[in-house]
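First comes the structure, then the notes that go with it.
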Amino acid sequence: MKKTLLLIHTGGTISMTTDEAGAVSPALNNPLMGEIAKLGVLDDIIEIEAFNLPSPHITPEHMLELKKLIEKTALEQTIDGVVITHGTDTLEETAFFLDLTLSTDMPVVLTGAMRSADEIGSDGVHNVLTAIRVASSDESRDKGVLVVLNDEIHTAQNVTKTHTSNVNTFQSPQYGPIGLVTKGHVHFHHAPLYRTHFRIDEIGRSVALLKVYAGMDSEFLIHSANAGYAGVVLEGLGQGNVPPSVLPGIRKLVAERIPVVLVSRCFNGIAQPVYGYEGGGRMLEEEGVIFAHGLSGQKARLQLLIAISAGLGMDGIAESFRGH
Ligand code: ASP
């Protein structure tokens, strides 16, 4: 059956061209606009250019705008799926934002490109077509927001950009893709078990993400409290530990009821309260640190920002991170 898809462009390399000096930048007119319709793929496409931004310019406010655009379009007309083209640098963050905040079982698929529209071997149009095929597949329903590049299907929750320039950059460390796309079919071999959902209408900005390192002190944590940050995510060491010199900062934040969420800076595995030494996970848990099991720092930061924006208190925030 013919389907109607909403195709939203937001910018990124997929919409960029190279100038005479060799610099890759957004084209005045998005070279992708109209290209997909011209190819005469099976589906009816409603094509919207929401922004034309490099993805380092994308903020949580833009992500909220996309969520509202999808909801508004779905209210006004019947759509069977959504494809969003996006710069790859922050693509995983927009995908996870939408995964946490959209309440729909229709397929929502993000894609991008590592090579600009006019580069030899450009992966843009191929990735968009693949994403459209995934968004049109009945099997893609109810799997959360998906990321499709290089013929692989990843969940928003697990996918991350792993390489600066390789077209195979998007990987889901530890879990792998949940499906693949071949010339003939869209194949799923896994489905996500857990999803967390928040209702939000507005978004704040002030959640800090700090990477923990050997010899780190408490200065930036104390600054975060004094500067009015609403929450702090720490990318801790190993199974979820910090140097003892970070403890005074954590204590200050917790005493001021500012949530401190801990992930591991290892990109495989889960942060857990295991070690009993000073600064070890056991002590952090006793001090009131919330463990975000298995999320990356940037995704835990978005979830904390969204949870605070949804009005959740400390217990609700802690509960929301238990689902992972
Ligand atoms: N810097 C680019 C961006 O994220 C990279 C890309 O799109 O691949 O906008």
Side-chain angles (χ1 to χ4, degrees), residues 7-36 47-67 69-70 82-99 108-132 134-135 145-173 177 181 203 205 209 267 296-299 301-302 305:
L7 173 60
I8 305 174
H9 300 296
T10 70
T13 297
I14 196 164
S15 304
M16 293 186 196
T17 48
T18 316
D19 67 16
E20 278 165 16
V24 180
S25 344
L28 205 55
N29 295 314
N30 187 335
L32 264 187
M33 277 296 278
E35 277 310 298
I36 302 302
E47 194 169 17
I48 298 177
E49 184 171 44
F51 331 110
N52 193 4
L53 293 173
S55 76
H57 296 199
I58 297 278
T59 64
E61 285 81 4
H62 292 114
M63 299 174 194
L64 184 65
E65 233 178 289
L66 286 176
K67 165 188 139 61
L69 175 63
I70 293 167
V82 180
V83 172
I84 302 172
T85 64
H86 199 288
T88 59
D89 290 352
T90 62
L91 186 150
E92 67 199 78
E93 283 166 83
T94 298
F96 191 54
F97 183 101
L98 295 174
D99 192 55
V108 177
V109 181
L110 276 85
T111 192
M114 296 302 288
R115 298 186 184 129
S116 57
D118 56 351
E119 205 174 333
I120 290 173
S122 172
D123 47 338
V125 172
H126 178 81
N127 282 341
V128 180
L129 282 176
T130 314
I132 287 173
V134 174
V145 172
L146 300 171
V147 171
V148 171
L149 280 100
N150 205 32
D151 297 338
E152 290 185 345
I153 309 170
H154 295 264
T155 63
Q157 195 175 312
N158 294 324
V159 77
T160 193
K161 185 175 182 179
T162 63
H163 195 288
T164 53
S165 54
N166 195 306
V167 292
N168 193 28
T169 181
F170 281 92
Q171 304 285 328
S172 296
V181 184
I203 191 84
R205 291 195 82 149
L209 169 60
F267 63 86
S296 65
Q298 59 272 27
K299 289 189 189 164
R301 180 199 170 265
L302 264 184
L305 181 71

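Ligands are counted one by one from 1 in listed order, and the atoms in each one are counted from 1 as well. In this text the structure is predicted, and so the values were computed from the model without any measurement.
- At under 3.5 Å, a nitrogen or oxygen of Thr88, whether backbone or side chain, sits near a nitrogen or oxygen of ligand 1.
- Between the side chains of Thr155 and Gln157, no donor-acceptor pair of N or O atoms lies under 3.5 Å.
- Remark: minimum distance from atom 6 (C) of ligand 1 to any protein heavy atom is reached at Thr13 OG1, 2.8 Å.
- A 4.5 Å side-chain heavy-atom check between Thr160 and Gln298 finds at least one atom pair inside the cut-off.
- Proximity of Ala113 to ligand 1 is established by a heavy-atom distance of less than 4.0 Å.
- Within the 4.5 Å cutoff, the side chain of Ile120 has no heavy atoms near those of the Arg115 side chain.
- Short contacts between ligand 1 and Gly12, defined as distances under 4.0 Å to a heavy atom of the residue, involve ligand atoms 7 (O), 9 (O).
- The shortest side-chain heavy-atom distance between Leu64 and Lys67 falls under the 4.5 Å cut-off.
- Scanning the protein for heavy atoms near atom 1 (N) of ligand 1, the closest one is Asp89 OD2, 2.8 Å.
- Annotation: atom 9 (O) of ligand 1 to nearest protein heavy atom, Ser55 N, 2.8 Å.
- Ligand 1 has no N or O atom lying under 3.5 Å from any N or O atom of Thr90, backbone or side chain.
- Proximity of a side-chain donor or acceptor of Ser116 to a complementary backbone N or O of Thr17 within less than 3.5 Å is not detected.
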